[in-house]
Amino acid sequence: KALFDDNVLEVIVAASDNNERFDLIERFEEVVLPLYDDLAEVYPDIRQNLLRAAAVARETATKPIDLPYGKPFRGKSADNIVHQVAAILVQLRNLDIERTFDALAELYLGSTTDEQRKDLVKAAGQIAQHDLAVWKDHGPIVQFRLLERIRALDDAHKALLRPLLTEVYRQILSPEITGTSSTSSTVTFHTGAVVASTPLRGCREEAMSSLFSQYEAAADDTERRDITRALEYATRLSMRGNEDDRLLVAVLQDSQRIVEFYTRNAGGQSFELRQSLEQDAFHLHERNRGLATRDDVAAEVVAAASALTAAIEQYRDAINGDAEFVVFKALVGFESVFAPEWDRGHWGWREKQEFRDALMDEFIEGADASNAESWLAMVVRCARVDSNDGATFPSLISFLRKVSERRPQIAEGWLLQADDPPLSRFIAPILTGLNKAGSRAALEFASRAIASGRHLAQVMMFLHDVDDLDPAMARAATASAI
């Protein structure tokens with residue numbers, strides 16, 4: 001009551017540090033908010049003061065919290081304040097969904113850390129989710145009004161808010177709807193599928209069109225992947241599996257539209273993105289195969305599924321018509337889909353590896369002096385993939401080892417160009433293969449590297465596999481590394 005009477009919002013803004021500000025916001029949310037008789041009337045004042053508090057917090061240094069013993073505890077930062085503010089805005093979103101979106105957008109544009117941006121993107125998704133309580137009376141009114149608000153933004157602001165908008169579109173495209181109900185002693189969580197309707201169809205179409213525009217304007221694969229992950233929500237069925245035929249047809253038709261968009265843009269897709277999108281398309285193809293075997297599927301569902309299958313196969317053929325992409329996905333990554341799988345169904349790891357090994361044998365058999373430079377360019381392209389995942393490069397490493405053992409003249413030429421990234425990350429398998437082939441180039445390269453102190457990690461990995469290692473070289477490598 002004292003906080004209520006003292007206009008706690010002004011006190012929050014004027015707090016001397018973020019530790020005090022954090023405590024005040026926490027007490028405001030838990031104690032003061034329930035005291036308002038008409039939240040809608042005071043929401044503009046709440047929203048503006050919370051925005052002011054976040055702005056002041058960003059200009060306030062983090063103050064350590066002194067403890068009775070030991071070192072001071074790290075105090076509350078602007079990140080903590082922004083997180084609190086966003087949570088309250090999400091809680092009050094339905095009082096004015098447009099102004100709530102505007103507040104989150106303002107906070108996002110003023111963000112000073114990645115953590116703040118992450119929290120605000122999450123909050124934007126939360127206000128765009130399909131809420132059962134709203135849907136019961138108004139259908140997708142929240143999603144409609146958010147799209148209407150976004151539509152009013154100019155292109156410059158849409159570009160600056162791209163991650164925020166992508167998350168809003170993602171949630172609009174989700175088929176899931178959630179809500180809660182409660183009694184004096186229980187809380188029940190409800191989940192299900194949205195109900196297909198003309199307004200929902202319009203919202204989904206606008207969200208997809210907006211994501212297509214984002215994709216076409218994307219600066220790099222990081223942005224494109226975020227956008228394609230949002231579009232993937234439009235291809236999903238409810239986890240509960242309780243969608244009606246109208247929703248099922250809508251999802252299948254939207255999936256077809258997305259796949260056709262990817263086909264039109266296949267020429268500009270990186271190999272990494274194609275690999276990921278082909279896997280997504282393959283999963284849709286497999287799902288369609290399952291739909292065709294169900295007895296309870298309506299004729300319009302079967303027709304939509306057939307049209308989607310045709311679109312998927314067109315995309316598959318478009319990207320696999322590029323021979324370099326076929327080589328790439330054999331040598332790199334764990335998302336690859338291989339030609340026989342489209343007819344036989346999904347392969348396990350062992351079957352995929354056997355097929356990769358057979359392909360690599362074919363590649364090596366066809367490698368000679370006439371195409372050595374072309375193969376080097378492909379190897380460099382594969383090595384350039386930016387990944388810290390241990391499952392990305394085993395096939396490329398195996399290929400380099402086999403090529404070096406079976407075509408040592410080619411590998412010796414590659415070794416001359418391995419001093420710099422990205423090939424320098426894969427020196428060890430080249431040296432191992434050359435050494436097994438009896439080429440002196442491997443140990444000579446290792447000796448030079450040890451003497452210069454370069455590529456020592458790769459050289460040590462190679463020396464580990466040398467059967468008759470000269471102890472002097474081992475000692476020299478160890479000394480150079482130390």
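There is no side-chain donor-acceptor pair under 3.5 Å between Asn265 and Gln269. Side chains of Tyr262 and Thr228: no donor on one and acceptor on the other come within 3.5 Å. With hydrogens and angles left out, the side-chain atoms of Ser424 and Gln458 include no donor and acceptor closer than 3.5 Å. With hydrogens and angles left out, the side-chain atoms of Glu206 and Ser210 include no donor and acceptor closer than 3.5 Å. The closest side-chain donor-acceptor pair between Thr166 and Gln214 falls under 3.5 angstrom. Defined by atom type and a distance below 3.5 Å, a donor-acceptor pair is missing between the side-chain atoms of Arg204 and Gln143.
Atom-to-atom distance recorded for Leu164:CG and His157:NE2 is 12.0 Å, nearest 0.5 angstrom. Atom CG of residue Asp280 and atom OG1 of residue Thr235 lie 7.0 Å apart, to the nearest 0.5 angstrom. One distance of note links CZ of Arg289 with NE2 of His346; it measures 12.5 Å at 0.5 Å rounding. Between the CG atom in Leu50 and the OH atom in Tyr43 there is a gap of 8.5 Å [rounded to 0.5 Å]. One distance of note links OG1 of Thr60 with CD1 of Ile81; it measures 9.0 Å at 0.5 Å rounding. Taking CG of Asp220 as the start and CZ of Arg225 as the end, the distance is 11.0 Å to the nearest 0.5 Å.
In this structure, Ile12 and Gln84 have side chains that are not in contact, with every pair of non-hydrogen atoms separated by 4.5 Å or more. With contacts defined as side-chain heavy-atom distances shorter than 4.5 Å, the pair Tyr36/Leu33 qualifies. Looking at heavy atoms from C-beta onward, Ser270 lies in side-chain contact with Leu273 at the 4.5 angstrom threshold. Looking only at side-chain heavy atoms (C-beta outward), Phe28 and Ile46 come within less than 4.5 Å of each other. Side-chain atoms of Pro394 and Phe334, non-hydrogen and from C-beta on, never get closer than 4.5 Å to each other. Inter-residue side-chain proximity for Leu237 and Leu247 is flagged as unmet; no heavy-atom pair is nearer than 4.5 Å. Between Arg21 and Ser16, every side-chain heavy-atom pair lies at or beyond the 4.5 Å cut-off. For the pair Phe73 and Pro64, the minimum side-chain heavy-atom distance is 4.5 Å or more.
Side chain of Asn19 to main chain of Lys76: a donor-acceptor pair is present (N/O by atom type, distance under 3.5 Å, no hydrogens or angles). A donor-acceptor pair is defined here as one N or O able to donate and one able to accept, closer than 3.5 Å; no such pair exists between the side chain of Gln91 and the backbone of Ala87. Distance alone, capped at 3.5 Å, is enough to place a donor-acceptor pair between the Ser209 side chain and the Glu205 backbone. Remark: side-chain polar atoms of Arg58 are not paired, donor with acceptor, to backbone N or O of Ala78 under 3.5 angstrom. In this structure a side-chain-to-backbone donor-acceptor pair under 3.5 Å is missing from Arg99 to Pro44. Under a 3.5 Å cut-off, the side chain of Asn18 and the backbone N or O of Ala57 do form a donor-acceptor pair. At least one donor-acceptor pair closer than 3.5 Å links the side chain of Ser111 to the backbone N or O of Leu107.
Among residue pairs with one or both ends in residues 331-345, those qualifying as salt bridge (Lys or Arg N to Asp or Glu O under 4.0 Å) are Glu341-Lys352; sequence neighbours excluded. Evaluation of the salt bridge (Lys or Arg N to Asp or Glu O under 4.0 Å) test over residues 306-331, restricted to residues two or more places apart or in two chains, returns Arg274-Asp322, Glu278-Lys329. Note on residues 92-138: pairs passing ring-ring contact (aromatic ring centres under 6.0 Å, His included), not counting sequence neighbours, are His130-Trp135. Among residues at least two apart or in separate chains, salt bridge (Lys or Arg N to Asp or Glu O under 4.0 Å) pairs with a member in residues 37-54 are Glu10-Arg52.
Pairing each heavy atom of Cys382 with each of Val332, the nearest pair is CB-CG2, 3.4 Å. The heavy-atom pair separating Arg356 from Ala330 by the smallest distance is NH1-O, 2.7 Å. Nearest heavy-atom pair, Trp342 versus Ala281, reported as atom, atom and distance to 0.1 Å: CH2-C, 4.3 Å.
Qualifying ring pair (Phe, Tyr, Trp, His ring centres under 6.0 Å) partners for Phe393, counting only residues two or more places apart in sequence or in other chains: Phe426. Listed by chain and residue number, Ser387 satisfy the side-chain hydrogen bond (donor to acceptor under 3.5 Å, both in side chains) test with Thr392 (two or more places apart in sequence, or in another chain).
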### Message
As a quick check of understanding, evaluate salt bridge (charged side-chain N to carboxylate O under 4.0 Å, His left out) for Asp226 and Arg170, giving each step before the final call.
### Response
CA-CA 10 Å; Asp226 189 34; Arg170 186 198 316 268; 3.1 Å; yes
#### Entry: Working for salt bridge (charged side-chain N to carboxylate O under 4.0 Å, His left out), residues Arg350 and Glu354
CA-CA 6 Å; Arg350 190 177 303 279; Glu354 290 174 354; 5.6 Å; no
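We find that Arg257 and Asp254 are not joined by a salt bridge, their nearest charged nitrogen and carboxylate oxygen being 4.0 Å or further apart. With salt bridges taken as basic N to acidic carboxylate O contacts below 4.0 Å, none links Arg229 and Glu232. Salt-bridge annotation for Arg145 and Glu98: present, with a side-chain N of the basic residue lying under 4.0 Å from a carboxylate O of the acidic one.
Checked options Thr309, Ile312, Leu308; the residue passing with Gln256 is Leu308 (criterion: side chain to side chain contact (heavy atoms under 4.5 Å, CB included)).
More than 12 heavy atoms of other residues, nucleotides or ligands sit less than 6.0 Å from atom CZ of Phe355. For CG of Asp137, the number of neighbouring non-hydrogen atoms (other residues, nucleotides, ligands) closer than 6.0 Å is greater than 12. Around CD of Gln314, the count of heavy atoms belonging to other residues, nucleotides or ligands within 6.0 Å does not exceed 12. For Lys158, the NZ atom counts as densely surrounded, since its 6.0 Å shell holds more than 12 non-hydrogen atoms of other residues, nucleotides or ligands. Dense packing is recorded around NE2 of His455, with more than 12 heavy atoms of other residues, nucleotides or ligands lying under 6.0 Å away.
A parallel orientation is assigned to the rings of Phe212 and Phe261, their planes being inclined by less than 30° (bins at 30° and 60°).
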